[in-house]
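The model shown is predicted, which means the values in this text are computed figures rather than measured ones. In what follows, chains carry the letters A, B, and so on, assigned in the order in which the sequence lines appear, proteins first and then strands, with residues in each chain numbered from 1.
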Amino acid sequence: MESELSEDKGVEKQDPAVKGSVAHHIINKFVEALAEKEDYKEVASKLKDIVFEAKLTEADLRKAMFGEDPL
Amino acid sequence: MIRAKSITVNEFRGIRNITLSLDGKNFAVCGPNGTGKSGIVDALEFALTGNISRLSGSGTGGLSVKEHGPHVDSRNNPEKAFVSLTLEIESIKKVVTIVRTVKDARNPTITPNDPDVIEALKTVALHPEFVLSRRELIRYVLSEPGKRSKEVQELLRLEEVETLRTLFQKIANACERDVKLITRNRDDAGTSLRQALSMPQMTAAAILTAANEKRQILSLPLLTILEANTSIKDGIATITSAANANKIAKIQAITDLAEIKQNLSQLQRPDFLAECLGVKNSLELMLKGEEFLQHSTREALLKSALAVFDDKACPVCDTPWNPDEFRQHLAHKLEHYSTVTQQRKALEEKIEPITTLIDSIGSALPTIIRYGSQLQTPVDSKPLVDYLAEMRVASKALREFLPLNLSIQSLSSLDKIPALVSTTIQNIEAAVGLLPEASQQDAARDFLTIGQERLEIYRQESLKLKVAEQKLATAKVVFETYGQVTTEALESIYNNVQESFSKLYRLINHDDEDKFQAQLKPSIGKLGFDVDFYGRGFFPPGAYHSEGHQDGMGLCLYLALMSHLAGDAFTFAVLDDVLMSVDSGHRREVSKMLREQFPNTQFLLTTHDEIWLKHMKTVGLIEPKKFVHFRTWHVEHGPTEWDDRDVWEELAKHLQANDVSTASPVLRNYLEYFSKEVCHELRAKVEFRGDAQFTLGDLLPNAISKMKSLLKAGKASAQSWGNDEALQSIIQIEENFNKAVEDSNVEQWAVNAAVHYNEWTNFHTNDFQPVAEAYKVLVEAFACSQCQSVLYVTPRNGSPEALRCSCGKCNINLIVKPKA
């Protein structure tokens, strides 16, 4: 039997490539949107590597965004 | 993601030992309060997560899984308390068994212990929201919007979105602060360079002109272009310097000393003092409203509140307001904010030249201090060091504006230059004056050396500023993109959840709220939730809807959220006594809704209400045997279940014990319940009773009569369409049904008191046994032989069109072919 809810046209389905939660799905959409902006493809790629980490810090993000290195 | 196959609970909570076979299908646990139902829910949660919410949530101080998880008699032997759960993980198509003891709750034994199994179970453990109890219903439906937003975001696991947003905002703010600070440093370096090269304005041409004038004196080639790496002192090393060249460039030192003396004298000029006094008086006037100034950032919040105000309650604190009064109140506050903000801006503009002078003194003093220490007989510059610290404090206070008393204090003491400061400067000036006059060539060399030093500093600061501005631009784009994407995504989620929720609620209340709509309104960290009340407007769920309706809303909102959260992976949910206030009619609809809308979700339902259990069975939400009925609970034995799990087996048990007096009311009560269900499903006519106390005699004959007429209509339809196969099938059903009716003697009740159900209690076992068996056959005759669901008429209103069962095996057309 097919659920009526599953037929909702407006209901977004999660990207199976994105593991985990709705939050990860939203964050992934942000990374995709950023990658479409001119000059931000590299930043988006670096952010994608870290934004799904559990213990994300400000320093991690600055490194991805600005290439800042403690050394 | 998972489906529970079986669970064994041992010495855990109120349970001594029990094994339930769920087989991945919906399963009900029924029993009066205090018979151990919640122990099963706790056991499932414990097996999957290692935790028991009931013992670890808010308001459970002093309770712990380790101490209170085991059965009270095994509290000193936590190794005996364990749960063994066998489940199927659909995504990897594996059957897994988790055995978790209270003693070592963090280290369950998992078989098979494969990496993909561990990974899948980790995900399940992170989602304890698969259990919905009535506490959660209240959390979603009746909580304040601010709290609801948090609860719903927690359920949807959205906190990561907010965490990342905060980090991006923090970075953007830090970049903005960096740009401001570095701009000031760059400007100070520019002023210093301009002074060193004696230029009225700093341009590349002016630098070249000033540098070439000195290079000509030194016979160095003139510079034609100023590039990023151009050194204005290029070639200077080839020129022999004077034998006793001083560390201090005398001419530059004299210029610097003159500059600082002039700046210090400006602090005491009457027009400057008058300006300071004017600002100070204005600041003192603002002291009374300082608290308002401190909160001036709330202006934006008030504007947002005004924009989202729904004419009912304050969107921030939910206090009900008269719309006009609310708008007037906020308008008054905003006007006040606007006035003080303008006053502050005007004063900050007046403060700017004051701080510029202070900063000039602050940036010149370190050079003078250095001169003091570089003299052949050094001059003690400590008074200058202390004064420099004072100037920096004053500058910071004035730039930050608040608190006002610090700014006022700074302005009050600006003209009071310590005597030692003037004396020290005079001493350094005197010592510099005694230095031998530099030759024109030495002076030119010093000029170029100092000029190059300051040009380097300026270039470094400019470079830093460029990098900081690039970072700020990146941070802004990232933050703005993040804000845009997440806002759109959250609005989309809430819109979808709102639609799904409304649809589910309409399904269970289609009788009187078939146009029901709900509104989920996210705003500034809150989630408003208003529902339509019979077309009279949108109100909070607790405003007019009954407690039963609110329970239904909580369940629907949970299901809508979970559908969105897990999508196709929403395969398992525990509904722990969540519909206690819902009336029987709507419970039936809830059962249908769960079965029809969530065919891929395995529900484990607990209830203290037997009728609710019967509804679940009647509509096919749970299959026969897929329930456990706890009858009693004893601390020594735990819950006692109905071993036969079926009314017919229970009857047989009573009759084996020759206990007709217990068996007869069980049969009568069950038949009354069953007859009500059949009358509802077949749309049979029943004589109305205002007290709704229908007896078996009011119901069962009418149900039989209706079934017969429906089968007759089915035969007529099959004949009219020439469908012989369908006709034969209906005839077979009809024959079986008529035989069952005949054997039960229901139709003889009116004429034969001996078989009237009221007399059953007086029967002997041998007389009652065939009666019970006959009714069992009759009950089965109303149901599909394949899925055991009671046959029902569709549609629910209007002319009957078909007689069907849940699985589709029985589908009798009731519409006769129109005559040509």
Side-chain angles (χ1 to χ4, degrees), chain A residues 1-70, chain B residues 119 123 126-127 153 155-168 170-171 174-175 467 470-471 473-475 477-478 481-486 488-490 492-493 495-497 499-500 503-504 507 559-561 563-569 593 595-601 806 808:
Chain A
M1 193 184 295
E2 189 66 26
S3 163
E4 280 183 33
L5 284 179
S6 64
E7 292 169 1
D8 279 356
K9 299 287 184 286
V11 175
E12 288 176 43
K13 289 291 169 194
Q14 289 190 43
D15 177 357
V18 182
K19 283 170 77 175
S21 63
V22 175
H24 282 195
H25 177 64
I26 294 173
I27 293 167
N28 191 58
K29 280 179 84 172
F30 149 71
V31 174
E32 286 172 357
L34 190 65
E36 283 173 15
K37 290 188 184 290
E38 204 177 343
D39 302 332
Y40 284 88
K41 198 169 182 178
E42 195 184 336
V43 172
S45 167
K46 285 179 180 171
L47 283 173
K48 189 168 187 173
D49 290 342
I50 60 160
V51 287
F52 302 111
E53 295 295 324
K55 289 178 182 173
L56 186 62
T57 65
E58 188 180 337
D60 295 333
L61 289 174
R62 291 188 73 105
K63 191 176 175 184
M65 289 162 69
F66 313 134
E68 286 179 357
D69 201 312
Chain B
E119 189 64 28
T123 308
L126 284 171
H127 291 270
Q153 291 211 4
L155 178 68
L156 287 171
R157 300 268 144 192
L158 289 174
E159 62 270 25
E160 286 169 77
V161 175
E162 180 59 18
T163 303
L164 194 53
R165 192 194 67 78
T166 308
L167 285 173
F168 281 141
K170 209 172 161 188
I171 291 170
C175 286
V467 172
Q470 279 172 350
K471 285 183 181 179
T474 301
V477 169
V478 169
T481 307
Y482 189 80
Q484 196 182 347
V485 170
T486 53
E488 280 173 13
L490 287 176
S492 165
I493 286 174
N495 279 339
N496 290 329
V497 169
E499 287 309 308
S500 304
K503 179 187 275 184
L504 293 175
L507 284 171
L559 293 168
L561 287 165
S563 292
H564 199 89
L565 168 69
D568 293 339
M593 180 269 285
R595 193 196 71 202
E596 291 170 3
Q597 299 300 312
F598 299 93
N600 299 320
T601 305
S806 295

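- By the salt bridge (charged side-chain N to carboxylate O under 4.0 Å, His left out) test, Lys41(A) is found to be paired with no residue, residues two or more places apart in sequence or in another chain being considered.
- You'll find the side chain of Ile171(B) reaches within 4.5 Å of the side chain of Phe66(A), heavy atoms only.
- Contact record, Thr481(B) with Lys37(A): OG1-CE, 2.9 Å, taken as the closest heavy-atom pair.
- In this structure, Glu58(A) places its CD atom where more than 12 heavy-atom neighbours from other residues, nucleotides or ligands lie under 6.0 Å away.
- Annotation: side chain of Ile493(B) is in contact with side chain of Ile26(A) (closest heavy-atom distance under 4.5 Å).
- You'll find the side chain of Asp60(A) stays beyond 4.5 Å of the side chain of Leu167(B), heavy atoms only.
- When Ile27(A), Val31(A), Val51(A) are each tested for a side chain to side chain contact (heavy atoms under 4.5 Å, CB included) with Tyr482(B), only one passes: Ile27(A).
- Proximity to chain A involves both the backbone and the side chain of Ala475(B), based on heavy atoms less than 4.5 angstrom apart.
- Between the NZ atom of Lys170(B) and the CZ atom of Arg62(A) there is a distance of 10.5 Å, given to the nearest 0.5 Å.
- The closest side-chain heavy-atom distance from Val477(B) to Leu34(A) is below 4.5 Å.
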